[in-house]
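Below is one structure, written out as structure tokens; the observations come after it.
Sequence lines set the chain letters: A, B, ... in the order given, protein chains first and strands last, and positions in each chain run from 1. Keep in mind that this is a model prediction, so the values were computed, not measured.
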Amino acid sequence: MTPDQFIAKWQASTLKERSAAQEHFIDLCRLLNEPTPAEIDPNGEFYCFERGAKKTTGSDGWADVWKRNCFGWEYKGKRKNLNDAFVQLHRYAPALGNPPLLIVSDMEQIIIHTAFNGTVPDKYSLALEDLRNPDNLRLLKWAFTEPERLRPKLTTAVLTEKAARQFGELAQTLCERGHDTQQVAHFCQQILFCFFADDIGLLPNKLFGKLLEIGQQRLEHLPPTLTNLFNTMATGGFFGNDPVDWFNGGLFDAASPLPLTRNDVKLLRELAQLNWSAIEPSIFGTLFERGLDPNQREQLGAHYTDPASIMRLVNPVVLDPLREEWRLQQAAITKLVDKIAARKSKVNKAISTASTAKLTTKLVEDIREIREKARDAETAAQRQIAKRCRDFLMRLQNFRVLDPACGSGNFLLLALRGLKDLEHEVILDAERLGLPASFPKVGPENVLGIELNIYAAELARVTVWIGEIQWMLNHGFSLAKNPILKTINIIDQRDAVVNADGSEPNWPTADVIVGNPPFLGGSKKRSVLGDDYFTALETIYAGRIPAGADLVTYWFEKARTQIELEKANAAGLVSTNSIRGGANRQVLERICKTTTIFNAWSDEPWINSGAAVRVSLICFGNTKLKPVLNNAEVAAIYADLTAGSIEAGSDITTAKPLIENANACCMGASKKGAFDIAGNLARQWLTLPNPNGKSNAIVLRPLCNGIDLTRRDRDVWIIDFGIDISENDAAFYEMPFTYLTEKVKPIRENNNRESYRRYWWRHAEARPGMRSALKYLYRYIATPTMAKYRNFSWLNVTVLPDQQLIAISRADDTTFGILHSRFHELWSLRMGTSLGPTPRYTPTTTFETFPFPIGLTPANTGGAIETLESGAIIPTVAAEYRDHAIAIAEAAFQLNQLRENWLNPPEWIERQPEIVADYPDRIIPKPEFSAQLKQRTLTNLYNKKPAWLVNAHVKLDQAVAAAYSWENDAAELNEAEILQRLLALNLARKKEN
DNA sequence: GATCCGACAGTGT
DNA sequence: ACACTGTCGGATC
């Protein structure tokens, strides 16, 4: 068929839709040289007429023509409203597998709507005459073969970003002009909603766009005109000659348009050109992050969560369980359908048997009875099917999702969309079963929010409503009007964890709780939130949440309580990843006691306006779903968000501090002030006399912090007046004292703590305990609190450990070796907390819980030491453990020696005695090697991991394994097995109380 | 100029 | 008196 023939035939045709549609389509196939459905898919599996025509209503199928992954195609009679056809296609798109193209035709024109996910829809209208143009024919052909070619370039994300950027500029301009940020926010939302309403036809005749056009000419009229429009929208009525719907929802209640400049209006008119109907409402959040004042930006920013992360919570908490429920219903329904079919075949069989038999009255009667019974059974079954569908739809309609920290409403928006999608699927499934089509009832009522920030709360309302309207229009449903925005109070503007009067707030009953509550570290709570708020938190949550816990944990505890009180079924919340350890973990432990963590992502990167926070996503509550951790099914999820078996004694979070490890490990001195000075300044002072005749060496010593150990020694010294020198005595050390008077005193005098203010010349936490523990040693073991690798080093006892070092008061190589073994490394990584990706070593959780090999625990190694022939030093231990002590010490000694030689090759350095006799030698690089020496850091060494280092560690690990008596089953010693064995040892030993 | 990697000081127990 | 905690800035590639 040629284009001319096609056009001629269909211009002349007066056939009505039903009779002509298929003929038109087949002609079109001939024109495009495409196969017809019957030619390539006689069974109608992927390409057919009347898809979904199984419906009992007797009317159309879901589409007149359907080609999988290409299009749904709907015909209407000539000059009938094509929009109706489009609406129908939209509605059934999910049942058609969401084809990328929705095509409607009245045989005179063909309109192709693109419907690719996440793109701004395009529309192509082709009249009959247009088919003479080969370009248009090619376009149609693509619809059949390569629909991807019609994919719009513009994605909703790009459109949204563009709109948000420009809109943000406007907001910023308005703020800079001195307008109140809240007014700016409110005004911007009104405008935003008007753009949206204009584009989807909620405002008649593109009213708002026209108004801006006029406004550009007559600027002074714009504010009163806008006021007028907003007021009309608030109540419904007429704006000039145009009828305006009643919008309500609070958005237009307080009309207070801000004065706009000519430039603003120009910008607005540019913005009006964008396709706002395809806007992604979640821009509302990002929109107001920009332009508004920094404090607000921070608060709103804290609530911005990207959609993928949101769905990681919404799916397991909201949608998966409901899908599972519906799957079970469907299974039950299938059984009923089978039953009906079985009855029918029984009847048929009876009839066919009867037809061969002799017809008697009794037989007639029997058949009648069988038929009736079958009919009754069918009716009953149908009724049951209908009831199951109805009940489930009712369940969806009554389902409530609460976001108690809803910010700009993104969680609620996505939860609502998910629920609406599910409801729609169920409605279509029900139609397929022969039930009448029902109107979707899930809507903004299904989501509830609590939000303190007044802009965010308003933002959330608008976000949810736009989401609702978009969904309805995109699925071919008309909007419920009068008002368009119902004033149902879905967002509660208040504090979610503390009431104004200091009491505990109630949360509304809901099926599930989701959200991204604000993060604020325990020690920052008081200063950021204020004393009153802090006290209120402390009072309300006494015994439930330790005061040192992150602010985020209050939402977890509240949600847990709601579940315990049966006011919610499950919760899915975002948290900082530090919830896995320290004081924060107690909250998860509590959750594990009363309910179950059934889905979690333990440590995910998070982009949040530049903050380098890492997060955990945690779902807990009543569920039938199997536990899933980091997208893998596991037997159980523990409070530290690790996987484990459900057997008792396998949860490593149950490990407790051991009595034998007490008093051997402590934090270094916490100076809190600029007590540190350059080495050369210290050396200069050491040459100066003091009026009391004492050397400055008494109060000056080298300082060592994490950087000194993991990188190169910075040669920093410290002014250290110890734990009991009085201010008067300190003053005799002239230079150091004067220095502190200038650099430290002014700051320390303003400290929050009385003792820090009073003893300003001493380190704030001078660590008397540590000092006495180290007193009789000549060296001690140190490890950086925060470091990429868990390394231990020897320090001369004259060196003061900074608070960033953990000091272990042992001088023997055996203890050094055990600590440096793989066993302790794994234990400390697992038991310790982390800051971002960097693990942190803490005395109580990593050291005190660690089960040393029997006979070699800190309780056994605190006594005398003995130097071996090699130079290695062992502790004096019971005879039966001596061999192990020696083996470990030799391996550790060698490891340390190799490492020292690599860090400071004798060929590259000079050792120079320090100016004070007992102090460690200075290491001076030979000038020609100083650049190379700079690279010789412990972190670099372990980044490289040369073979000799690995070998030395293997040897050490073997010696330590032997001390544990694990040398014979080395093959079984994978990470999990080691941790299990260590945990078993810990649990078997005596705990501290 | 991006990436790596620990700091410092506040505050709870 | 002891210890834990957060996320920005300096060093380095």
Candidate nucleotides C:dG6, B:dG6, B:dA9, ranked by approach to the side chain of A:R711 - the nearest: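 Among the listed nucleotides, the one closest to the side chain of A:R711 is B:dG6.
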For the side chain of A:P843, counting heavy atoms from C-beta on, which of C:dC4, B:dG12, C:dC13 is nearest?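 Closest nucleotide to the A:P843 side chain: C:dC4.
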Does a side-chain N-to-carboxylate-O contact under 4.0 Å join A:R714 and A:D708?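 The answer is yes: the pair qualifies as a salt bridge.
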May I ask you to check if A:R762 and A:F721 form a cation-pi contact, with NZ or CZ under 6.0 angstrom from the six-membered ring centre and within 45° of the axis?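 Geometry flag: not set, cation outside 6.0 Å or 45°.
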Distance below 4.0 Å between [X] side-chain N/O and [N] OP1 or OP2:
X: A:T710; N: B:dG6; result: yes
X: A:N751; N: B:dA9; result: no
X: A:N584; N: C:dG6; result: yes

Ignoring hydrogens and angles, does a donor from either the side chain of A:R714 or the base of C:dA11 sit under 3.5 Å from an acceptor on the other?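 Side chain to base: no pair below 3.5 Å.
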Going by modelled atom types, is there a donor-acceptor pair between the base of B:dA7 and the side chain of A:Q803 at under 3.5 Å?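 There is none.
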Would you mind telling me which residue lines up with the more 5' stretch of DNA chain C, A:N940 or A:I579, judged by nearest nucleotide?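 That would be A:I579.
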Determine the interatomic distance between P on C:dT12 and the same-named atom on B:dC8; round to the nearest Å.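 Each nucleotide's P atom is 16 Å from the other's.
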Please report the distance separating the C1' of C:dG9 from the corresponding atom of B:dT11, rounded so that it comes out in whole Å.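 Pairwise C1' distance, C:dG9 against B:dT11, rounds to 23 Å.
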With both distances kept under 3.5 Å, what pairs with B:dA7, Watson-Crick or G-U wobble?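 For B:dA7, the partner nucleotide comes out as none, under the 3.5 Å rule.
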